[in-house]
Every structure is written in structure tokens, then in C-alpha cells.
Amino acid sequence: MADIKPNLKFVKQIISAGGCSLKKCYQCATCAVVCKLSPDDKPFPRKEMINAQWGLKDKLVSDPDIWLCHQCSDCTAYCPRGAKPGEVIGAIRKLSIAHYAFPKFLAMMVGQIKYLPLLIAFPVLVLLAVLAATGHLNIPPGEIVFGHFLPHTHIDAIFIPVAMFATLVFAGGVIRFWKSLQTQCNGKCEKGGLIPSPSSIIPVILEILAHSRFNKCEVNKGRALAHIGVLYGFIGLAITTALAVFYLYILGQHSPYPQLSPLKIIGNVSGIMLLIGITLMVINRFKVKVKASIGSYFDWLFIGVIYVVVLSGLLAEITRLANIAILAYPIYFIHLVSVFFLFFYAPYSKLAHVVYRTIALVYAKQIQR
Ligand code: SF4
Ligand code: SF4
């Protein structure tokens, strides 16, 4: 114990990231007992609460257990001290995402509301600059065709680099995260480093698709259904994007596509699924706010961006069909800004939990935790 030095700066960071009740914990371990997702061997979240009170940053950001927690809030509801361990672990996850992301200033900006206007300004200016440079800074006359406003070649020129940037940042973060997880192996990792194996990856993917861990939650039971809506909405939109590439570059067909084409049906159903999922998430947060919490700015930023992406997408479609050009094109512009925002800042936002939690689950499976 004599060698452990408290890191008060990190304690303060946890507190300001949403773990403000951290100091109330008196180590009774009720949380570790009631948590249905915690293993018997070295259960969480009590040990994370101790590490958080000491500000042991290295231990916390390389702790796979912070990702095995699904923030169901059972521990928070039963904590006799109101220390809200579920929220504290959520705050540590946020700091862990920022720790592995680069450049760091973007992670810092995504975590603070005062930078939101600047973060929005970036995609707005990029899109306006492309529209201005290509002479498209106006409402095109005639039938509403979004391709007349911003041709697909311009869309590709903007969004392919955005996707590449996010992928690179994620790749760097994942490599560093995987390495740091192995510092906590306790002799369970192979010499020369642990390599993720299909026998760990496949069951984890099936578990995520079924949301079986979420279903063990009690206090926040509705969370699983809401989360499933969001997950499958995203999967559907990814399929829609792949179909759009296929229609355009393989079949040579340009939008707008007929409403009954598979692309449109899958896209619209996925958008509605995402909208229902995210709305259930909001309802759920308010339903359990007395026992748990309604979440931090980090959580609400993600919810807000999803709303703007989905609503602007659906409204752009509706106003296009209603032939209201004065609304359709500006709403389509907002849609593009929100999609840019979602993907460009994904490695720094709550969306990154999809990646880090999957990696942590694979690691846990591999070391049989
Ligand atoms: S967080 Fe609450 S339940 Fe868990 S050890 Fe601390 S006081 Fe006990
Ligand atoms: S929030 Fe839920 S999963 Fe996370 S530690 Fe608490 S009880 Fe366990």
C-alpha cells in the first residue's frame, strides 16, 4: 500500500466526467454482490470504486471490467451510500475512450459542452466550402434530386476521408487498448502477446446480437430493448449504405430510387428502428432517474446526434416527396452535417463504446473471465 500514490488529478477528472458521487463509497461491496454481470473471481464494481477513489488511472483505463459493466444501474439502486457505482464506471469509460483516442484535443472537446458550437462548425464549414467551390450553393431548380445539390462524387470526396479518419483513430486506439488489457492478464496471456481468436470473437458477436448480457439487468430492464433498436437500426443503415454503393457503382443506377426498392425499404425501416430505439432510451432514462441517473452530457450528446441524423433523414425524404424544395435541400444539408459529425467524432464519443466493449468482451472470453 505504501507504494500507491493517489492521482488526485484523475480523481477530479472522474468526478467532472459524471462520477461526482465517487467519494461517498465506503467499500461495503453491496454493488459487487448485486451485479448480475460480475464474475465471482475479482468481482466489479467495488474494486473499480477503490481504484477510482485513489485515481489509479493506469489500472482503470486498462481494466476490462469497466466494459463488462453494461450500466444497468442495479448496483446504483442498491448502494446504501448513494455512491452511484454504475455512473462512476460510466465516467471511467468516457475517460478511457479519451485516453486511447488521438489527437487528444478532439477527445477533450467532444467531452465538454462549451466546444459543441466549434465541433458543429467544422462539418458545416467543410460542406459549405465544397458547395461554394463547386457552384452548388443554391437551391437547384426543377424536380428535387439531392444529387443535383451535392453530386455523389462530392459526397464520396467528403465522406470517404471522414470514414478513413475515424477508422485510423479507432485502429490506433484498439491496438493500444488490446496491449494495455494484457498488462492485467495475471499470467493468463500467451507469451509474445494474446491474439484474438475466432473461438472468442464469434460467441461475443452472437452475444452482442442477442444482447444476452443486457437482459440480466433488473432496475434498468427496458435498456436492453432500446439498445437492440439502436443496434439493429445502425446495422440496417450500414446495409443501406452498402446497397447504395452497389446500386450506384455496380448497377449504375442513380438516386432517387423507387420507394419500394430494397434500398429504400431497408433504409426507412432502419431509420424508424433507430428512432424508436433512441426514444425508448430517453424514456427509460427518465423512468429510472430516481434509482439511477439520467446520464451525463457525454450520453446526451450521442442521443442528440442520433436524433438529428434520423429526423433530418426522414424529413428530407418527406419534404422531397412533397416537393417542398425550400425545406428539402436545407434539411438534407443538416442531415449531411449530422452524419459527418456522427462519424468524424465517433472515436471520441459514446459511439466508441461499441468498439471498446467488443474488444474487452473478446479479451474476457479469451482469458476465460
Ligand atoms: S459503491 Fe456503494 S455499494 Fe459499492 S462498495 Fe461503495 S458504498 Fe458499497
Ligand atoms: S451498472 Fe449494472 S453491470 Fe454495471 S456494475 Fe452496476 S450492476 Fe453491474
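Just so you know, these numbers use all the heavy atoms, side chains as well, and skip hydrogens, waters and symmetry mates. Both counts, for ligands and for their atoms, begin at 1 and track the order of listing.
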Give a yes/no answer: is there an N/O/S atom of C35 under 2.8 Å from atom 8 (Fe) of ligand 2?
->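 Checking C35: at least one N, O or S atom is under 2.8 Å.
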Looking only at atom types and distance, does a side-chain atom of [X] sit under 3.5 Å from a main-chain N or O of [Y], one as donor and one as acceptor?
{"X": "Q182", "Y": "W178", "answer": "yes"}
{"X": "Q53", "Y": "C25", "answer": "yes"}
{"X": "Y232", "Y": "M273", "answer": "no"}
{"X": "Y100", "Y": "V61", "answer": "yes"}

So that I know where these two stand, are [X] and [Y] an aromatic pair - ring centroids less than 6.0 Å apart?
{"X": "F122", "Y": "F340", "value": "yes"}
{"X": "H227", "Y": "H70", "value": "no"}
{"X": "Y249", "Y": "H152", "value": "yes"}

Considering only protein heavy atoms, which is closest to [atom], and at what distance to one decimal place?
{"atom": "atom 2 (Fe) of ligand 1", "value": "C79 SG, 2.3 Å"}
{"atom": "atom 3 (S) of ligand 2", "value": "H70 N, 3.5 Å"}
{"atom": "atom 6 (Fe) of ligand 1", "value": "C25 SG, 2.3 Å"}
{"atom": "atom 8 (Fe) of ligand 1", "value": "C28 SG, 2.3 Å"}

So is P45 close enough to ligand 1, meaning a heavy atom under 4.0 angstrom away?
-> no
Between C31 and ligand 1, find which residue part has any heavy-atom pair under 4.0 Å and reply side chain, backbone, both or neither.
->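 The answer is both, backbone and side chain.
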Quick one: does ligand 1 sit under 4.0 Å from the side chain of Y78, the backbone, both or neither, non-hydrogen atoms only?
->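 Neither; no heavy atom under 4.0 Å.
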Contact atoms of ligand 2, heavy-atom distance to D74 under 4.0 Å = 7 (S)
C69 heavy atoms within 4.0 Å reach ligand 2 at atoms 1 (S), 3 (S), 4 (Fe), 5 (S)
Taking 4.0 angstrom as the limit and counting only heavy atoms of [X], give me the atoms of ligand 1 inside it, by number and element.
{"X": "A29", "value": "5 (S), 8 (Fe)"}
{"X": "P80", "value": "3 (S)"}
{"X": "T30", "value": "3 (S)"}
{"X": "Y26", "value": "6 (Fe), 7 (S)"}

Quick check: does C75 have an N/O/S atom under 2.8 Å of atom 4 (Fe) of ligand 1?
-> no
Would you kindly specify which portion of S38 sits under 4.0 Å from ligand 2, judged on non-hydrogen atoms: side chain, backbone, both or neither?
->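 No part of S38 comes within reach of ligand 2.
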Any side-chain heavy-atom pair of H335 and F146 under 4.5 Å =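 Contact flag for H335/F146 side chains = no.
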Can you find a heavy atom in the side chain of F149 that is under 4.5 Å from one in the side chain of L131?
-> yes
Run the contact test for P85 against ligand 2 with a 4.0 Å cut-off on heavy atoms, strictly below, and give the result.
->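 Judged by the 4.0 Å heavy-atom criterion, P85 does not count as contacting ligand 2.
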Between K47 and D65, is the closest basic N to carboxylate O distance under 4.0 Å?
->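 Result for this pair is yes, salt bridge flagged.
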